[in-house]
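Taking it in order: structure first as structure tokens, then the write-up.
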Amino acid sequence: MNKNFLNEIKDIIKEIIKYGGTPYLVGGSVRDYVLKRDIKDVDIEIHNLSLDKLEECLKKFGRIKLVGKQFGVLRLHNYDIDWSLPRKDSIGRKPIVQIDPNMTIEMACKRRDLTMNAMAIDLSFVCNDNFDIKNLQIIDPYSGLQDIKNKKLRAVDTKLFNEDPLRFFRVMQFIGRFEFWPDSELNNLCKKMELKDQITGVIVAKERISEEIKKLFLKSQRPSLGFRWLQETDRLKEIFPEIYNLIGVQQRP
């Protein structure tokens, strides 16, 4: 993230605040900022504002894409940003989404998968014409900064983590991308968790798994680390039997 990016959305942020909203940069955007990586998937979460009011506000700056509206997410044409509202999801492959504009930022961060993704930055500061990018204040209720420093993957909430089997595959690709390692609690959870919907018993869709595998291969320096972790947790044979069967097979130099 750089000052130019924030200047590009400064007027939008000001208008959201004028409407009574509180805008936060959240999720992987904050993680990548901390890691000094390019931020490509920008996620701005708006608190204290209804979805209709947010839509009314954003319309002043261009055409609105309503593809994710049922999940409390809006897209503004020509901006590669998710403008979302805090929400709670029920268990299951097709969760009931409950949008809660008045949710605290700490509770909103709790629904994230890992502590490194459970941080936020209050963007109200950009309204100050003399703001300094170096003075960003990171809201870190679950010690994500310390876990990043220690190169540790840790679940924010083990119960919530276990409710979404796709998170297992996210751990796999994060290991390859960031070369961070799960703590013992997360490792034990991943060894045992069911990779299917807790309500319907349906296994995670192959399309969703393939998206995580793509990230592992295309965004990692060492994608092999993700597969080695699967072997260490005794799940490689179950998930990728073809790769498991290659173990010990001699290759020509």
Side-chain angles (χ1 to χ4, degrees), residues 1-33 37-90 92-113 117-129 131 133 136-139 164 166 170 205 207-208 210-212 214-215 219:
M1 180 170 59
N2 55 52
K3 192 168 182 176
N4 289 336
F5 158 70
L6 291 174
N7 277 327
E8 287 175 12
I9 62 170
K10 186 175 180 178
D11 290 341
I12 303 176
I13 296 299
K14 281 185 175 180
E15 194 66 19
I16 288 171
I17 293 170
K18 191 185 295 184
Y19 267 69
T22 306
Y24 295 96
L25 189 72
V26 295
S29 307
V30 182
R31 175 202 68 218
D32 290 344
Y33 167 74
R37 295 185 174 213
D38 290 338
I39 299 176
K40 296 178 180 177
D41 300 315
V42 179
D43 189 356
I44 296 177
E45 193 170 85
I46 315 299
H47 289 236
N48 307 314
L49 204 63
S50 71
L51 190 58
D52 288 341
K53 281 293 183 182
L54 177 59
E55 185 178 348
E56 178 186 317
C57 176
L58 292 179
K59 275 182 178 177
K60 297 182 178 183
F61 299 92
R63 182 164 53 86
I64 298 289
K65 299 178 184 177
L66 304 175
V67 176
K69 187 174 181 179
Q70 61 178 320
F71 300 107
V73 180
L74 299 175
R75 299 277 294 185
L76 187 56
H77 188 63
N78 290 331
Y79 291 89
D80 192 14
I81 298 172
D82 281 345
W83 305 87
S84 62
L85 267 64
R87 70 175 199 254
K88 290 182 284 189
D89 299 341
S90 65
R93 186 163 163 261
K94 296 181 179 180
I96 297 171
V97 175
Q98 181 182 348
I99 297 171
D100 183 1
N102 298 315
M103 185 184 296
T104 64
I105 188 62
E106 291 78 15
M107 286 304 297
C109 287
K110 188 176 182 179
R111 62 174 281 268
R112 302 278 171 178
D113 49 6
N117 296 327
M119 300 180 291
I121 295 173
D122 188 337
L123 292 180
S124 301
F125 78 98
V126 304
C127 292
N128 182 346
D129 291 330
F131 77 86
I133 195 77
L136 286 176
Q137 297 295 313
I138 296 176
I139 300 166
D164 183 358
L166 190 67
R170 284 173 61 79
E207 294 79 10
R208 299 187 73 195
S210 69
E211 285 301 312
E212 302 304 320
K214 281 182 187 176
K215 291 175 185 176
K219 297 186 177 184

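Counting from 1, the numbers follow the sequence of the chain as shown. Fair warning: this is a prediction, and the values are worked out from it, not measured in the lab.
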From [X] [atom1] over to [Y] [atom2], what is the distance, rounded to the nearest 0.5 angstrom?
X     : Y     : atom1 : atom2 : result
Ser29 : Arg37 : OG    : CZ    : 13.5 Å
Arg75 : Leu66 : CZ    : CG    : 12.5 Å
Gln98 : Lys88 : CD    : NZ    : 4.5 Å
Cys57 : Ile13 : SG    : CD1   : 9.0 Å
Glu15 : Asp11 : CD    : CG    : 8.5 Å

Between [X] and [Y], which heavy-atom pair has the shortest distance, and what is it?
X      : Y      : result
Phe61  : Tyr79  : O-CE1, 4.4 Å
Ser84  : Val73  : CB-CG2, 3.9 Å
Asn117 : Asp113 : ND2-OD1, 3.0 Å
Lys219 : Asp41  : NZ-OD2, 4.2 Å

Less than 4.5 Å apart, side chain to side chain, heavy atoms only: is that true for [X] and [Y]?
X      : Y     : value
Ile44  : Tyr24 : no
Leu74  : Leu54 : yes
Leu25  : Asp43 : no
Ser124 : Ile17 : yes
Leu76  : Ile12 : yes
Asp32  : Asp38 : no
Leu49  : Leu85 : no
Ile99  : Val97 : yes

With a sphere of 6.0 Å drawn around CG of Asp100, does it hold more than 12 non-hydrogen atoms of other residues, nucleotides or ligands?
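Buried by this count: over 12 neighbours within 6.0 Å.
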
Residue Lys10 excluded, over 12 heavy atoms near NZ under 6.0 Å
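For Lys10, atom NZ is crowded (more than 12 foreign heavy atoms under 6.0 Å).
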
Give the C-alpha distance, both sets of side-chain angles, the deciding distance and a yes or no for side chain to side chain contact (heavy atoms under 4.5 Å, CB included) between Ile64 and His77.
CA-CA 6 Å; Ile64 298 289; His77 188 63; over 6 Å; no

Dump the intermediate steps for side chain to side chain contact (heavy atoms under 4.5 Å, CB included) on Ile46 and Ile16, then the final yes or no.
CA-CA 8 Å; Ile46 315 299; Ile16 288 171; 3.7 Å; yes

Chi angles and distances behind the side chain to side chain contact (heavy atoms under 4.5 Å, CB included) call for Tyr33, Ile39:
CA-CA 7 Å; Tyr33 167 74; Ile39 299 176; 3.9 Å; yes

Could you go step by step and tell me if Glu55 and Lys69 meet the side chain to side chain contact (heavy atoms under 4.5 Å, CB included) rule?
CA-CA 10 Å; Glu55 185 178 348; Lys69 187 174 181 179; 2.8 Å; yes

Please determine whether salt bridge (charged side-chain N to carboxylate O under 4.0 Å, His left out) holds for the pair Arg208 and Glu211, giving the CA-CA distance in whole Å, both sets of side-chain angles, and the decisive distance to 0.1 Å.
CA-CA 5 Å; Arg208 299 187 73 195; Glu211 285 301 312; over 6 Å; no

Consider side-chain contact (heavy atoms from CB on, under 4.5 Å). Of Leu123, Asp82, Val26, which one does Glu45 pass it with?
Val26

Solution key, residues 102-111 side-chain donor-acceptor pairs under 3.5 Å, sequence neighbours excluded:
residue: Thr104; atom: OG1; partner: Met107; partner atom: N; Å: 3.2

Check: Tyr19/Glu56 side-chain N/O donor and acceptor closer than 3.5 Å:
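Yes, a side-chain donor-acceptor pair sits under 3.5 Å.
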
